[in-house]
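Encoded as structure tokens, the structure appears first; notes follow it.
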Amino acid sequence: MIRFSSLMSSFTWRQNGTYPKFKISHIPDFNATELWLVSILQRLKEPKLIQQVHAHIVVSGLFRRTRLCNRLMNSYASCRHIGEINKVFCFIEHKNLVSWTILINGFTKNGFFVEAIEKFGQMVNCGLVPNAITISSVLPAIGKLRLILMGKSLHCYWVKQEYGCNVFVQSGLVHMYSKLGCPIAARYVFDSMSERNAVSWNAIIFGYSNNGMVEEAIGLFNLMRRSLLMDTFTIMSLVSAAFGVGDLKIVTQIHGLVVKSGHDKSQPVETRLMEMYIDVNFVDDAYCIFFEMSVKDVVAWTLMLTGFVKSANLSMAVEHVNQMMATEDVELDSVALIGILSGCSSSGALQQGRRVHALVIKIGIESDTFLGSSIIDMYANCAKLGDARRFFEGMAVKDAACWNALIAGNGMHGYGNDAVHLFQEMQDLGIDPNESTLVSVLSACGHGGLVEQGLYIFDNMVARWNLFPNQKHYACVVDLLGRAGRLNDAYSVISNMHLQPGVDVYGALLGACKAHGNIELGVEVSQRLFELKPEDAGYYVLLSNIYALSGNLEGVKSTRSLLRSTALKKDPGLSSVEINGAIYTFMASEKDHPLYPEISRFLKDLIFRIQEEGYVPDTKSVYQDVAEDLKKDILYHHSEKLAIAFGLMRTKPGAIIRVTKNLRACNDCHSSCKYISKVFGRALVIKDKNRFHVFHGGNCSCGDYW
DNA sequence: CTAGGGTTAG
């Protein structure tokens, strides 16, 4: 990244810029040829033909003609040959404002934002005064790179120059401020415009949508459609307004407006609508749109996949991936592959993940660090830490994300020391840890029981790494202290937070209250959680468990009635197991599952066998208010037990059973796994929401502490 | 020579 402050100071604006003088060649033929070539270039689209003309210009010495070269750059720009544009530009002896502008515009159009801004600075230093066109060309780069100071300074410059109103520049400014998170400034510019077109309106609507101001966005949209014709860009801006609000009413209202506008069949709009539904977890609605799309490109496929992954619909995700790979005109790019890997990672689909890894090698893009970090993450989440490590070591270039993935992987397996060691190693190699690195390493300390190490790192975040702790960091350190039984210390960390403590933080403390049977604090903390996230049933369940463990039946009863009286959403517990490359997902007591009768019979036998070894069902962890027998039945049909039973049924003796669960493992499942590993002589690798549990010969790697 | 849109790890 460039240093913006130094770039800023290198700008010296010239009030009366002077243009370099042109040397005009006096050979008459040149003029005729030049005119001829200019007219030819205007019509050329084919890169090969442009290159021929380019060669001709170089050979004939016409490259001294600025106008011709400008035209040549423009032709290259239209077929996106950015390298060639740059080459021509360097060749031009007398670069004028137009040459610079075409170059800068070529950079922004092709995503080279840093280069665009650098060239803009160089141009100004050469004494050229940017005009409206130059400024319009550089504004998008400033917005994309979020250079707020530079954006303001350019705005100032524009006003000082007294160029007056220019719809291009002002729309560009509105859009830039919208991207920079300054909707008020965007509105200020918008209001000062004497002429506005659809682009200006779209920019201000985008400004409100992009900054969470839904009502304003819809209001302006309604104002706009009275006076102007809207286009797909307007619709795109409008749909963005639904993001992050999580309000179904707004979502449906906006979808309605889109359909009414008649733009609902444009592919980008369809894609964005899908994204909107996925955002509020209405994956079925997203699938309806996807299904109806006449042309499904790789973006739509990838987005649909992330929807399945996000909603933990993992067998659908795997099925979707298979279809995606089998569809010929969908070319898997790195983004799609990352989506697939993330699906494999969260479902523990190792065989599928290996296929993707092989595909990455075949396509020849394994040097992509973004992709690489996903591969590391996939292996680590499929309990193949060694493979993760091996891949990591083979990478030529590793960025912070690659290190983070490996550190997090070690943490999940409980290898706190290794995680801290990697953390040190990355710094020795000069790679700066970022916020996520600290989350991974603190969480690793928690799972590895490295309390003092973790506290030391946490205390030095600002001084050593210039990182300010966010909610996640606090949650990690509360978890760390909570696990160690230091509930008071955890509480005082929360009291001294410089942020408003959120659900992650209180959730971590509540978990600790459960582990250490602290009812009093548990009640207080859950009260906060009910206020912060009243619709989440998980906290009611946890509180009820705390009461149950300490034998407080009154408390259990009152929590239960709270649970029933509120309209609550409980994330269903889902466990998946991979067998021969297929993912099987189970939900607790899912009686209409086609395999249920078979598995249920097997489970009955399994429970009998582990009871002989000493297993006692822990009915206290059942929060439903039912008879004891039914409680046992509920326990025996927890999703992880179904998945484990199915794994035992379908794999050869001695094979490791790997199960992935989306929530935390319950006490009863944890203890029964220990017995299963002993009785069946099998290693069980269970990944729950936070970490791996490796069961072997009656013991668990987490030391019964999670 | 000019401005605006969709997917991605931790």
Side-chain angles (χ1 to χ4, degrees), chain A residues 67 70-71 73-74 77 96-106 108-109 130-140 143 166-176 178-179 197-207 209-210 231-240 263 266-276 278 297-307 309 333-342 345-346 368-378 380-381 399-409 411 433-441 443 472:
Chain A
R67 190 169 69 128
N70 288 347
R71 174 55 63 190
M73 283 166 70
N74 219 16
N96 62 16
L97 186 63
V98 179
S99 327
W100 283 96
T101 306
I102 297 173
L103 178 74
I104 292 168
N105 193 39
T108 17
K109 276 250 167 70
N131 63 12
I133 303 176
T134 324
I135 292 181
S136 309
S137 302
V138 78
L139 280 176
N166 177 295
V167 71
F168 283 90
V169 171
Q170 287 171 310
S171 304
L173 284 169
V174 173
H175 196 261
M176 179 195 77
S178 305
K179 265 226 154 27
N197 59 20
V199 180
S200 339
W201 279 91
N202 295 346
I204 188 67
I205 294 173
F206 168 75
S209 329
N210 195 36
D231 54 21
T232 50
F233 290 96
T234 322
I235 301 300
M236 294 298 287
S237 297
L238 178 72
V239 178
S240 308
H263 287 278
S266 121
Q267 199 187 16
V269 171
E270 287 175 306
T271 316
R272 194 95 175 121
L273 282 170
M274 279 172 64
E275 204 189 346
M276 174 180 81
I278 289 171
D297 65 0
V298 67
V299 176
W301 277 92
T302 308
L303 194 53
M304 198 59 243
L305 172 65
T306 59
V309 174
D333 57 7
S334 66
V335 181
L337 292 166
I338 288 164
I340 299 173
L341 284 165
S342 123
S345 168
S346 49
D368 182 327
T369 51
F370 211 126
L371 201 47
S373 63
S374 308
I375 292 175
I376 298 166
D377 175 74
M378 180 275 293
N381 273 292
D399 65 2
C402 301
W403 287 90
N404 293 353
L406 196 61
I407 293 173
N434 57 28
E435 292 196 340
S436 318
T437 320
L438 269 292
V439 173
S440 304
V441 78
S443 134
K472 290 220 166 99

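Because only heavy atoms are used, hydrogens play no part in the values below, and waters and symmetry mates are left out as well, while side chains stay in.
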Problem set entry | Integer-rounded Å distance: B/dT7 P and A/Gln267 CD | 13 Å
Exercise. For B/dG5, does OP1 or OP2 lie under 4.0 Å from any side-chain N or O of A/Lys179?
Worked result: yes
Problem set entry | A/Ser171 side-chain N/O to A/Phe168 backbone N/O, donor-acceptor pair under 3.5 Å | no
For this session: Return no unless some side-chain N or O of A/Asn105 is found under 4.0 Å from OP1 or OP2 of B/dA3.
Result: yes
Seminar exercise, completed: Here the distance between atom P of B/dT2 and atom CG of A/Asn70, to the nearest Å, is 12 Å
Exercise. Checking all strands, does A/Arg67 fall into the base, sugar-phosphate, or nothing category for heavy-atom contacts under 4.0 angstrom?
Worked result: nothing
Problem set entry | Any donor-acceptor N/O pair under 3.5 Å between B/dA9 base and A/Ser373 side chain | yes
Exercise. Touch check for A/Pro268, heavy atoms < 4.0 angstrom, all strands: base, sugar-phosphate only, or nothing?
Worked result: base
Exercise. With respect to the side chain of A/Ser436, which nucleotide from B/dG6, B/dA3, B/dG10 is positioned closest?
Worked result: B/dG10
Exercise. Would A/Leu103 and A/Met73 count as a side chain to side chain contact (heavy atoms under 4.5 Å, CB included) if you check the C-alpha gap in whole Å, the side-chain angles of each, and the deciding distance to 0.1 Å?
Worked result: CA-CA 7 Å; A/Leu103 178 74; A/Met73 283 166 70; 3.8 Å; yes
Problem set entry | side chain to side chain donor-acceptor pair (under 3.5 Å) against A/Gln170, all qualifying residues, sequence neighbours excluded | none
Exercise. Quick one: A/Asn131 CG to B/dA3 C1', roughly how many Å, whole number?
Worked result: 14 Å
Seminar exercise, completed: Hits for side chain to side chain donor-acceptor pair (under 3.5 Å) against A/Thr437, two or more places apart or cross-chain, chain-then-number order -> A/Asn404, A/Asn434
For this session: Measure the distance from CG on A/Leu103 to P on B/dT2 and round it to the nearest whole Å.
Result: 14 Å
Exercise. When the distance from CG of A/Leu305 to P of B/dA9 is rounded to whole Å, what number comes out?
Worked result: 11 Å
Exercise. Counting any heavy atom closer than 4.0 Å, what does A/Ala405 reach on the DNA or RNA strands: base, sugar-phosphate only, or nothing?
Worked result: nothing
For this session: Classify the nucleic acid contact of A/Asn166 as base, sugar-phosphate or nothing, counting any heavy atom under 4.0 Å across all strands shown.
Result: nothing
For this session: For A/Thr271, report the nucleic acid contact type (base, sugar-phosphate, nothing); a contact means any heavy atom under 4.0 Å.
Result: base
Exercise. Is A/Asn74 close to A/Asn70 at the side-chain level, that is, under 4.5 Å between some pair of heavy atoms?
Worked result: no
Exercise. Among the nucleotides B/dT2, B/dG6, B/dT8, which one has an atom lying closest to any side-chain atom of A/Ser136?
Worked result: B/dT2
Exercise. Which of these nucleotides, B/dC1, B/dT7, B/dG10, is closest to any side-chain atom of A/Val98?
Worked result: B/dC1
Exercise. How would you label the contact of A/Thr369 with the nucleic acid (heavy atoms, under 4.0 Å): base, sugar-phosphate, or nothing?
Worked result: nothing
Seminar exercise, completed: Closest of B/dA9, B/dG10, B/dG5 to the A/Asn434 side chain is B/dG10
For this session: Please report, rounded to the nearest Å, how far the P atom of B/dC1 is from the CD1 atom of A/Ile135.
Result: 19 Å
Problem set entry | Rounded distance (Å) that lies between atom C1' of B/dA9 and atom CG of A/Leu341 | 9 Å
Exercise. Going by ring centres under 5.5 Å and near-parallel planes (under 30°), is A/Trp301 stacked on B/dT7?
Worked result: no
Exercise. What nucleic acid atoms does A/Lys109 come within less than 4.0 Å of, heavy atoms only: base, sugar-phosphate, or nothing?
Worked result: sugar-phosphate
Exercise. Atom CG of A/Leu303 to atom C1' of B/dT7: distance rounded to whole Å?
Worked result: 6 Å
Exercise. Is a donor on one side and an acceptor on the other found under 3.5 Å between the side chain of A/Thr108 and the backbone of A/Ser137?
Worked result: yes
Exercise. Below 3.5 Å, does any donor atom in the side chain of A/Asn404 face an acceptor in the base of B/dA9, or the other way round?
Worked result: no
